[in-house]
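Have a look at the structure below before the remarks.
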Protein chains: 2
Amino acid sequence: MGRMKIQNSPTIRRMPSYLHKLFNMRLEGKTHVSTTELAKYMNIELIVVRKDIALTGIAGLRRVGYNINDLIDYIKSYLGWTKTFSACLIGAGALGTAILGYEDFVNYGLNIGSVFDCSDKKIGTSIHGREVYDIETIGQRFKHYHPDMAIICVSNTAAQAVTDKIIQLGIHYIWNFANVCLQVPPKVIVQREVLAGGLATLTVKMKHMDEHVEDKPIETKK
Amino acid sequence: MGRMKIQNSPTIRRMPSYLHKLFNMRLEGKTHVSTTELAKYMNIELIVVRKDIALTGIAGLRRVGYNINDLIDYIKSYLGWTKTFSACLIGAGALGTAILGYEDFVNYGLNIGSVFDCSDKKIGTSIHGREVYDIETIGQRFKHYHPDMAIICVSNTAAQAVTDKIIQLGIHYIWNFANVCLQVPPKVIVQREVLAGGLATLTVKMKHMDEHVEDKPIETKK
DNA sequence: TAGATTGTTAATCGATTAACAATC
DNA sequence: TAGATTGTTAATCGATTAACAATC
């Protein structure tokens with residue numbers, strides 16, 4: 001039967017960071033990379049990188065490492081980034097603007113083709129080279145250009161209504177930056193970003209540091 | 001010895017979402033909540049919520065649920081959110097502005113007390129009620145107000161230099177939104193947010209959906 | 001050669017899931 | 001009572017970690 005778990009795999013979340021480093025190394029003219037280098041860059045254990053890379057199915061060269069171009073292709077393939085994805089961004093506030101300015105998306109094959117907002121101040125203006133459309137016209141525009149996914153950057157209060165609307169228009173994949181749990185039908189997949197999750201991770205570490213202040217320094221890697 | 005792992009615990013990352021819901025319920029005048037309600041809101045399995053809540057150490061009332069005020073306190077305590085944290089935000093671009101506008105931080109005890117930027121266009125302006133200071137003055141200002149952590153929202157190219165600077169000024173905790181792996185001494189703890197990690201999670205799900213299109217619909221929860 | 005690196009297998013650990021008891 | 005809910009224990013699963021073999 002069709003397994004549908006893939007919850008929040010840390011491996012998957014690390015892949016784009018490897019990719020980012022590999023792009024930079026390629027720009028520097030390098031042709032090969034070792035897991036040692038990647039681990040050093042990422043500040044994580046060598047074996048973690050080894051396992052991640054192995055999952056992509058690539059074969060390396062002992063004593064040399066992996067061919068950078070090949071590794072990029074294998075990671076992209078693992079993530080499903082072999083084709084491009086089209087997206088519409090809804091909500092052209094500060095967060096939406098930040099996402100539009102995120103440079104790596106081009107390398108990852110994410111193409112944000114349209115931007116929508118409900119504010120008269122925003123509609124008609126241009127952000128990072130993209131015109132902001134009236135959200136009221138979204139139905140019309142989707143007839144000519146139907147994106148693979150929607151990126152939601154509207155206020156918490158507006159998020160559910162916008163979501164209902166775009167699902168009606170046939171959107172199946174949603175990347176949600178609003179701080180609410182969207183209620184959607186089973187066929188729709190939502191990836192929610194919770195800003196405060198990172199804060200929680202950080203403060204828990206702070207708490208543990210405080211509590212173990214009398215212990216030995218810190219357990220770092222060997 | 002002082003365990004220092006706590007990598008990326010999904011439990012910890014879910015806690016702020018529970019908290020967010022609990023605050024809303026309290027505003028609605030509710031006094032108790034069941035894990036059933038929380039699971040429904042979060043769109044996750046009941047047992048996951050039960051385990052998470054149990055980890056906080058709170059005792060519930062069978063057939064009734066948990067006292068909302070108590071649960072808020074237990075979760076806050078679990079996350080180390082019993083005291084407030086002071087932070088400085090570095091980089092007043094779109095992303096920095098978005099973070100300054102994130103309303104829940106007040107509830108979480110995060111107080112962003114100062115904002116720094118290097119651009120003449122930004123310095124002296126006010127964002128969400130906070131004046132933007134010249135990054136060059138950060139050393140001076142830290143003498144009067146030394147934050148617990150720094151939130152880095154500068155460009156990828158500027159991030160490492162800014163990091164070196166603030167570590168020199170005594171910052172030990174960094175919340176990094178720039179798309180680089182910061183190199184820091186062992187004592188410094190960095191929480192990195194990788195935007196593309198969420199995208200990867202979403203696209204992998206898309207890929208699996210495509211591959212299993214001929215299978216039964218989707219495996220949703222029972 | 002010696003050493004750096006990949007490849008492979010097994011052990012450990014923690015999160016998720018399942019099953020059922022307790023009880024108001 | 002019956003049913004909703006918490007509480008508890010065990011099973012499963014997957015990620016991390018460890019150990020060592022292979023080899024250029």
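Throughout, a chain's letter reflects where its sequence line sits, starting with A, and its residues are numbered from 1.
Stem regions for DNA chain D, each three or more consecutive Watson-Crick or G-U pairs with both distances under 3.5 Å and listed by first number, read C:3-24 with D:3-24.
Residues that satisfy the ring pair (Phe, Tyr, Trp, His ring centres under 6.0 Å) test with A:F23, not counting sequence neighbours, are absent from this structure. By the ring pair (Phe, Tyr, Trp, His ring centres under 6.0 Å) test, B:Y102 pairs with B:F105, sequence neighbours left out.
The CG atom of A:L38 sits 12 Å away from the P atom of C:dT5 (whole-angstrom rounding). Computed from coordinates, the B:D52 CG to C:dA15 C1' distance equals 10 Å when rounded to whole Å. Put simply, NZ on B:K40 is 13 Å from P on D:dA4, counting in whole angstrom units. Rounded to whole Å, atom C1' of C:dG14 lies 12 Å from atom CD1 of B:I12. Between A:I53 atom CD1 and D:dT16 atom P the separation is 13 Å, expressed in whole Å. Look at CD on A:E37: it is 11 Å from C1' on C:dT5, rounded to the nearest Å. Summarising the geometry, the separation between CZ on B:R14 and C1' on C:dA15 is reported as 8 Å, rounded to the nearest angstrom.
Rounding to the nearest 0.5 Å places CG of A:L19 at 6.0 Å from CD1 of A:I72.
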Which pairs of donor and acceptor atoms, one on a side chain in residues 81-100 of chain A, lie under 3.5 Å apart (sequence neighbours left out)?
from: A:W81; atom 1: NE1; to: B:T203; atom 2: OG1; distance (Å): 2.7
from: A:K83; atom 1: NZ; to: B:D210; atom 2: OD2; distance (Å): 3.4
from: A:S86; atom 1: OG; to: A:D148; atom 2: N; distance (Å): 3.0
from: A:S86; atom 1: OG; to: A:D148; atom 2: OD2; distance (Å): 3.4
from: A:T97; atom 1: OG1; to: A:G93; atom 2: O; distance (Å): 2.7

Run the side-chain donor-acceptor check on residues 27-34 of chain B: report pairs under 3.5 Å with partners two or more places apart or on a different chain.
from: B:E28; atom 1: OE1; to: B:K30; atom 2: NZ; distance (Å): 2.7
from: B:S34; atom 1: OG; to: B:T36; atom 2: N; distance (Å): 3.4
from: B:S34; atom 1: OG; to: B:E37; atom 2: N; distance (Å): 3.2

Between the protein and nucleotides 6-10 of chain C, list every N/O to N/O distance that falls short of 3.5 Å.
from: C:dT6; atom 1: OP1; to: A:T35; atom 2: N; distance (Å): 3.2
from: C:dT6; atom 1: OP2; to: A:T35; atom 2: OG1; distance (Å): 2.5
from: C:dT6; atom 1: O2; to: A:R62; atom 2: NH1; distance (Å): 2.9
from: C:dG7; atom 1: OP1; to: A:G60; atom 2: N; distance (Å): 2.8
from: C:dG7; atom 1: OP2; to: A:Y66; atom 2: OH; distance (Å): 2.9
from: C:dG7; atom 1: N7; to: A:R50; atom 2: NH2; distance (Å): 2.7
from: C:dG7; atom 1: O6; to: A:R50; atom 2: NH2; distance (Å): 2.4
from: C:dT9; atom 1: O4; to: A:K51; atom 2: NZ; distance (Å): 2.8

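Separation of the B:F177 and B:W175 ring centroids falls under the 6.0 Å cut-off.
Looking at A:D164 and A:Q160, their side chains do bring a donor and an acceptor atom within 3.5 Å of each other.
Using a cutoff of 4.0 Å between basic side-chain nitrogens and carboxylate oxygens, B:E193 and B:R13 are scored as salt-bridged.
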